[in-house]
Amino acid sequence: MARSLVAAALGLGLLGLGLLGPAMAQEAPPTAVAAAPAGAGEWRHGLSLMGEPKYSADFKRFDYVNPDAPKAGLLRLAVDGTFDSLNDIIPRGTPAAGLQLIYDTLMSPAYDEVATEYGLIAESVRYPADFSSVTYRLRPEAKWHDGQPITADDVVWSFEQLTKNSPRQAYYYSHVARAEKTGEREVTFTFDQAGNRELPQIVGQIRIMPKHWWTANGPDGKPRDISQGTLEAPLGSGPYKVKQVQPGRSISFERVPDYWGKDLPVNIGTNNFDEQRYEYFRDSTVELEAFKGDQYDFRVESSAKDWATAYNFPAVKEGKVILEEFPDRASGAMQAFIPNLRREKFQDQRVRRALNYALDFEGMNRTLFFGQYKRTSSFFQNTELASSGLPQGQELAILESVKGEVPASVFTKPFENPPSGSEGVRRSNLREAAKLLREAGYEVKGGKLVDAKGEPFTIEILLANPAFERVALFYKPSLERLGITVSVRQVDTSQYINRLRARDYDMIISGWGQSLSPGNEQRDFWGSSAADREGSNNYAGIKDPGVDALIEKVIYAKDRAELVAATHALDRVLLAHDYVVPAWNYPNTRTARWNRFSHPETLPEYSFGFPDIWWWDAEKAARTGAAR
């Protein structure tokens, strides 16, 4: 199960495209059925993939919130690029940031538990022992901002529209055979399979939208069309509503004082700002300078160079700007140079391994990153889900069950990136890369690497984040020493998104974020059925029966121990295929903020909770000065 991460602010190179969400493919499930949880078939107040929920049915609030947090103040945030729509369920256009603030879902996550959700629009949920369906019962007090009740018809209609108009959502919910109203306030989702224990909980993440508003006429007298972009502020049910829109430049949301769900246990101590505003910037340098000039309040810094050199300005020395790192315990990520395997030149594993040998990571880390990073060596980096050593125990048994479909090396040799460091090592790596390319049928003629037909080997590295240009340019000379012709192409956000959707690229610098409870989204990341589906997160174009089989082992794991073992096996096989050139990782989230805010003394284990559980601190704001 993918989890929403503050680390998404890393930007277009990794998570910030909104392309990270989980998805599911239409693949035949195995026959094994997960063990029925205690209380299956009974109405429940929450769901957890890790056993029973931490909080009881009569809980008053989450432990990590401040129930007395003041409701006040303006929070200003920055976003890269631009936007042209307030409809973010369709794959066309560029939607505005923050739209999740106006909508509620059936369930709401807890930040101090792994893969656990509690009722929001839904007051309770139940499912049979074989996980073949799930029924949600809605709260009678749930209502839209116009005062109309949220109904079972709204839930069914929302599901139908999401899966009809969004290829991503259609893939995500592809195992939902039907959604139907089965009671005055009840909706049942029936699945096309049994045993997938994640499906009941995934359905709880559905965004519920107002059928009566979208099927009515707009201010112009014409029928609204949810399949098209719009700049009309949509009706919502959440803690905020759209306040003001400047297309392409900014959007602000104001807190709804009479929000129907403000006193629910899942909402106590949250949604504390009177207004949240998103300002858009086309240039990352301008965006950073705007922060220094107090044009917005909070920044996640993804650049090691800027973290080391750009924050030595007076406001930091005076304590008006706070620099703070928060440990990331909730996720692992693979950030990498990702070749597009849909292109023939990258289909030979020896070629992909040669590209890894060409990367001088230690030189890059020292020169560009001030030595702050470590080389990534797992698709689940920095978590217990990362593989290591040789497979043993349950992991070995899982790999043995698919032995004919996975590389033989996974049983005898742990994955290692090529060594890096001295000039001698770098030369040795390039010699090994050249050897691999020769074995793959390439040779150097006239200083250019060519295939058997005499066609030159070229790589265009496609970028949308200017911060990655210096990374690509550092990599370029090593590739060119092998005879590869390399170009680095910087495009705007819209063009980048369109080219990603169309798979029109040789190589990108991007990645995948992982939760501590991987599941159905793995099909979207690496599954064969996702490789050619427009808009999927299978950026590399992986099509491999062994990978597909191991994804199913992850999804249908019957307990935590089996899930960890299956994920180790999947990680090991993905690495063995050299699908990507692993880049760097950092265990913390680096943040900078103008000192106008406070947060609970003890933050939840799996998130630092910004901005959900933070609040405007009037005393600090008075000392720091009014926002400009």
Side-chain angles (χ1 to χ4, degrees), residues 11-14 284-285 302-306 334-341 343 345-346 348 350-371 373 375-376 417-438 440 442-451 455-492 495-496 499-500 504-511 539-540 578-584:
L12 294 172
L14 182 54
S284 60
T285 301
S302 59
S303 167
K305 174 180 180 291
D306 286 342
M334 167 62 81
Q335 176 140 326
F337 295 86
I338 305 174
N340 185 357
L341 273 65
R343 301 198 166 172
K345 58 190 171 186
F346 296 122
D348 192 312
R350 292 167 295 189
V351 170
R352 303 194 299 270
R353 186 65 176 175
L355 297 179
N356 196 342
Y357 270 100
L359 180 65
D360 176 19
F361 174 76
E362 291 300 330
M364 178 182 291
N365 193 31
R366 182 179 62 255
T367 304
L368 302 183
F369 303 143
F370 294 79
Y373 292 129
R375 186 84 192 267
T376 296
N417 285 304
S420 186
S422 68
E423 179 63 21
V425 171
R426 190 171 71 86
R427 289 199 202 97
S428 177
N429 285 347
L430 288 175
R431 285 195 294 270
E432 181 64 24
K435 175 185 173 184
L436 288 167
L437 290 169
R438 287 195 299 273
Y442 291 89
E443 61 178 331
V444 177
K445 288 186 177 181
K448 301 294 184 183
L449 188 71
V450 298
D451 62 15
E455 295 293 326
F457 195 112
T458 64
I459 298 177
E460 179 189 78
I461 304 177
L462 181 68
L463 306 173
N465 188 338
F468 286 131
E469 184 172 14
R470 61 197 182 99
V471 175
L473 291 176
F474 185 94
Y475 191 23
K476 179 181 178 181
S478 293
L479 295 172
E480 290 177 334
R481 289 186 65 177
L482 296 171
I484 299 172
T485 301
V486 181
S487 60
V488 178
R489 183 173 178 81
Q490 182 85 33
V491 297
D492 63 32
Q495 186 176 353
Y496 183 81
R499 288 189 60 175
L500 239 62
D504 181 19
Y505 52 87
D506 284 337
M507 178 180 284
I508 58 175
I509 305 175
S510 189
Y539 307 135
D578 288 299
Y579 287 131
V580 302
V581 179
W584 57 86

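Keep in mind that what you see is a predicted model, and the values were worked out from it rather than measured.
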Derivation and outcome, ring-ring contact (aromatic ring centres under 6.0 Å, His included), residues Trp584 and Phe361: CA-CA 8 Å; Trp584 57 86; Phe361 174 76; 7.6 Å; no

Would Val351 and Leu436 count as a side-chain contact (heavy atoms from CB on, under 4.5 Å) if you check the C-alpha gap in whole Å, the side-chain angles of each, and the deciding distance to 0.1 Å? CA-CA 7 Å; Val351 170; Leu436 288 167; over 6 Å; no

Evaluate the criterion side-chain contact (heavy atoms from CB on, under 4.5 Å) for residue pair Lys445 and Glu443; output intermediate values, then yes/no. CA-CA 6 Å; Lys445 288 186 177 181; Glu443 61 178 331; 3.1 Å; yes

In sequence, state the C-alpha distance, the side-chain angles, and the governing distance for Leu462 and Asp506, and then conclude on side-chain contact (heavy atoms from CB on, under 4.5 Å). CA-CA 7 Å; Leu462 181 68; Asp506 284 337; over 6 Å; no

Determine, stepwise, if the pair Met364 / Val471 fulfils side-chain contact (heavy atoms from CB on, under 4.5 Å). CA-CA 8 Å; Met364 178 182 291; Val471 175; 3.9 Å; yes

Step by step, would you call Asp504 with Arg343 a salt bridge (Lys or Arg N to Asp or Glu O under 4.0 Å)? CA-CA 10 Å; Asp504 181 19; Arg343 301 198 166 172; 3.3 Å; yes

Would Arg427 and Glu423 count as a salt bridge (Lys or Arg N to Asp or Glu O under 4.0 Å) if you check the C-alpha gap in whole Å, the side-chain angles of each, and the deciding distance to 0.1 Å? CA-CA 6 Å; Arg427 289 199 202 97; Glu423 179 63 21; 3.8 Å; yes

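Taking the six-membered ring where tryptophan is involved, the planes of Phe457 and Phe346 are perpendicular, since the angle between them exceeds 60° and thus also 30°.
Here the side chains of Tyr496 and Tyr505 are not in contact, with every heavy-atom distance at 4.5 Å or above. In this structure, the side chains of Pro582 and Arg375 come closer than 4.5 Å at one or more pairs of heavy atoms. The closest side-chain heavy-atom distance from Arg426 to Ser420 is not below 4.5 Å. With a 4.5 Å cut-off on side-chain heavy atoms, Leu368 and Lys305 do not count as touching.
Checked against ring-ring contact (aromatic ring centres under 6.0 Å, His included), Tyr579 has the following partners two or more places apart in sequence or in another chain: His577.
Ion pairing between Arg499 and Glu460 holds under the 4.0 Å rule for side-chain N and carboxylate O.
Here the side chain of Ser428 pairs no donor or acceptor atom with the backbone of Gly424 at under 3.5 angstrom. Asn429 places a side-chain N or O within donor-acceptor distance of the main-chain N or O of Pro419, the cut-off being under 3.5 Å. In terms of modelled atom types and a separation under 3.5 Å, the side chain of Asn365 and the main chain of Tyr373 share a donor-acceptor contact.
For the atom pair Arg366 CZ and Glu362 CD, the distance stands at 7.5 Å (nearest 0.5 Å). The structure places OH of Tyr442 at 5.5 Å from CG of Asp451, a figure rounded to the nearest 0.5 Å. Atom CG in Asp348 sits 14.0 Å away from atom NZ in Lys345 (nearest 0.5 Å). Rounded to the nearest 0.5 Å, atoms OG (Ser303) and CZ (Phe468) are 9.0 Å apart. For the atom pair CD1 (Ile509) and CD (Glu469), the distance works out to 10.0 Å, reported to the nearest 0.5 Å. Interatomic distance, CE of Met507 versus CZ of Phe337, reported as 7.5 Å (0.5 Å rounding).
Taking both residues in full, the closest heavy atoms of Gly421 and Asp360 are given as N-OD1, 4.4 Å, listed atom of the first, atom of the second, then distance. The shortest heavy-atom contact between Phe370 and Ala304 is CD1-O, 4.2 Å. Across every non-hydrogen atom of Met334 and Thr376, the tightest pair is SD-CG2, 3.7 Å. Minimum heavy-atom separation, Pro339 to Arg352: CG-CD, 4.4 Å.
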Atom pairs and distances, side-chain donor-acceptor, residues 474-489, under 3.5 Å, sequence neighbours left out:
unit_1: Tyr475; atom_1: OH; unit_2: Leu355; atom_2: O; d: 2.6
unit_1: Ser478; atom_1: OG; unit_2: Ala358; atom_2: O; d: 3.4

